[in-house]
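Before any comments, here is the structure.
In what follows, every chain begins at residue 1, and chains take the letters A, B, ... in the order their sequences are listed. Note that the structure is predicted; figures quoted are calculated from it, not measured. We use all heavy atoms of the structure for the numbers below, so side chains are in, but hydrogens, waters and symmetry mates are not.
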There are 2 protein chains.
Amino acid sequence: MKKTSILNKLRSSGLRPTKQRVEIAKFLFNRDKTFHFTVESLGKHLAKKTTTKFALATIYNTLHAFKKAGHLNEVHLRGKNNTTYFDTNISNHHHFYDSETSELIDINDNEITFDKLPKAPNGKTIKNLEVIINLKN
Amino acid sequence: MKKTSILNKLRSSGLRPTKQRVEIAKFLFNRDKTFHFTVESLGKHLAKKTTTKFALATIYNTLHAFKKAGHLNEVHLRGKNNTTYFDTNISNHHHFYDSETSELIDINDNEITFDKLPKAPNGKTIKNLEVIINLKN
DNA sequence: GACATACTTTAGAACTATTATAAACTAGGA
DNA sequence: TCCTAGTTTATAATAGTTCTAAAGTATGTC
Ligand SMILES: [Mn+2]
Ligand SMILES: [Mn+2]
Ligand SMILES: [Zn+2]
Ligand SMILES: [Zn+2]
């Protein structure tokens, strides 16, 4: 994904392509494989890879803006370090979770299929379904 | 479950049956259906139902002790309110989660069966598998 | 029952992830 | 260039949880 495409992605989401947003978007979206990260780990990566300054609040703001625009997912998992995980894979999918390394690994949606599933409680509908497979060594 | 049984449960876990632990254990374990709760909600219930005082730290200490003893589970879900859920159902099972009410509902292990499952990444083993079915209204 | 001691509770401080604030800065249109 | 709404920033505030160390208690021994 080249620079112009990043700019388009931001602009078409109603987000002004500021220096910080462009750097974060380049870092997150110019890659082949899924990237799972925390705010802290992203901050460190950005400090290493760029000369731009990122206030912590800007990282949070940007990630939430990207999430709201549908460019990022937040993983609803509570790891041992009590931080939110973000996920560049925005398709429906599942995860392996290694609690020793706090690492997430994608499982494609079609790698898990069900024989039997319960129906939603009365008056409610199923929005989506997430499987977390906890790993040990 | 009567008083003596509660005392046994505590003692056989190496936990002295203090006033606070006995009250919490009675409140949590003398019931038929699964109880999902947060530290905050438990604190409120205890204040309403008993005359015993519970320092916040004691509630945390006690829940962690019960968890360590295998009498409670912690649900590794990050809800919108960033609090831990505890679960009196200590069997392997799954959950519906209603993010609007922050409510968990049990799904028995045998209500979900799989056609297809991925194998664990190299060098790792599957510890367990949790399904969370997100609900909407 | 009194005593000793390890375990437990407690109030409050500390910690940590995240969000709010409000002042300075900037992208983009006129 | 100028204006303005949108954005970044440093810092304070918030909230869930854990830590501290002093006071209290359960339990074994005499
Ligand atoms: Mn740098
Ligand atoms: Mn009371
Ligand atoms: Zn993922
Ligand atoms: Zn449950």
Students often get this wrong, so: under 4.0 angstrom with heavy atoms, is B/Thr58 touching a base, only sugar-phosphate, or nothing?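 Contact class for B/Thr58: base.
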Looking for any heavy atom pair under 4.0 Å, which part of the strands does A/Thr84 touch: base, sugar-phosphate only, or nothing?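 Since only primed, P, OP1 and OP2 atoms lie under 4.0 Å of A/Thr84, the category is sugar-phosphate.
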With sequence neighbours left out, what residues match [X] under ring pair (Phe, Tyr, Trp, His ring centres under 6.0 Å)?
X: B/Phe114; answer: A/Phe114
X: A/Phe37; answer: A/Phe35, A/Phe86
X: A/His64; answer: none
X: B/His94; answer: none

Hey, can you pull the residues of residues 70-82 of chain A with a non-hydrogen atom under 4.0 angstrom from DNA chain C?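 Within this stretch, A/Asn82 sit under 4.0 Å of the strand.
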Parallel, tilted or perpendicular: rings of A/Phe66 and A/Phe29 (30°, 60°):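 If you compare the ring of A/Phe29 with that of A/Phe66, the planes turn out tilted.
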Taking only the side-chain nitrogens and oxygens of B/His64, find out if one of them lies under 4.0 Å from OP1 or OP2 of D/dT17.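 So the side chain of B/His64 is outside the cut-off, no N or O lying under 4.0 Å from OP1 or OP2 of D/dT17.
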With sequence neighbours excluded, what pairs up with [X] under the salt bridge (charged side-chain N to carboxylate O under 4.0 Å, His left out) test?
X: B/Lys44; result: B/Glu40
X: A/Lys67; result: A/Glu74
X: B/Asp98; result: A/Lys124

May I have the distance from A/Tyr60 (atom OH) to D/dA15 (atom P), rounded to whole angstrom?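 Those two atoms, OH and P, are 16 Å apart.
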Measure the distance from CD1 on A/Ile59 to P on D/dT7 and round it to the nearest whole Å.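 From A/Ile59 CD1 to D/dT7 P: 17 Å.
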If you assign each of A/Tyr85 and B/Arg21 to its closest nucleotide in DNA chain C, which residue comes earlier from the 5' end?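 Mapping each residue to its closest nucleotide by heavy atoms, the 5'-most match is B/Arg21.
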Out of A/Thr88, A/Asp106, A/Asn89, which residue meets the side chain to side chain donor-acceptor pair (under 3.5 Å) rule with A/His36?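 That would be A/Asp106.
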side-chain hydrogen bond (donor to acceptor under 3.5 Å, both in side chains): which pairs involve residues 110-121 of chain B, sequence neighbours left out?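 Matches after skipping sequence neighbours: none remain.
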Just by protein heavy atoms under 4.0 Å, how would nucleotides 22-30 of chain D read 5' to 3' in B, S and -? ----BS---
Can you sort out the partners of B/His71 under side chain to side chain donor-acceptor pair (under 3.5 Å), two or more places apart, ordered by chain and number?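 By the side chain to side chain donor-acceptor pair (under 3.5 Å) rule, B/His71 matches B/Ser13.
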When the nearest nucleotide of DNA chain D is assigned to A/Asn61 and to B/Leu56 on a heavy-atom basis, which residue is associated with the more 5' position?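 The residue closer to the strand's 5' end, by nearest nucleotide, is A/Asn61.
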Start and end of the DNA chain C segment that chain B contacts, any atom under 4.0 Å from a heavy atom: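 The footprint of chain B covers C/dA6 to C/dA11.
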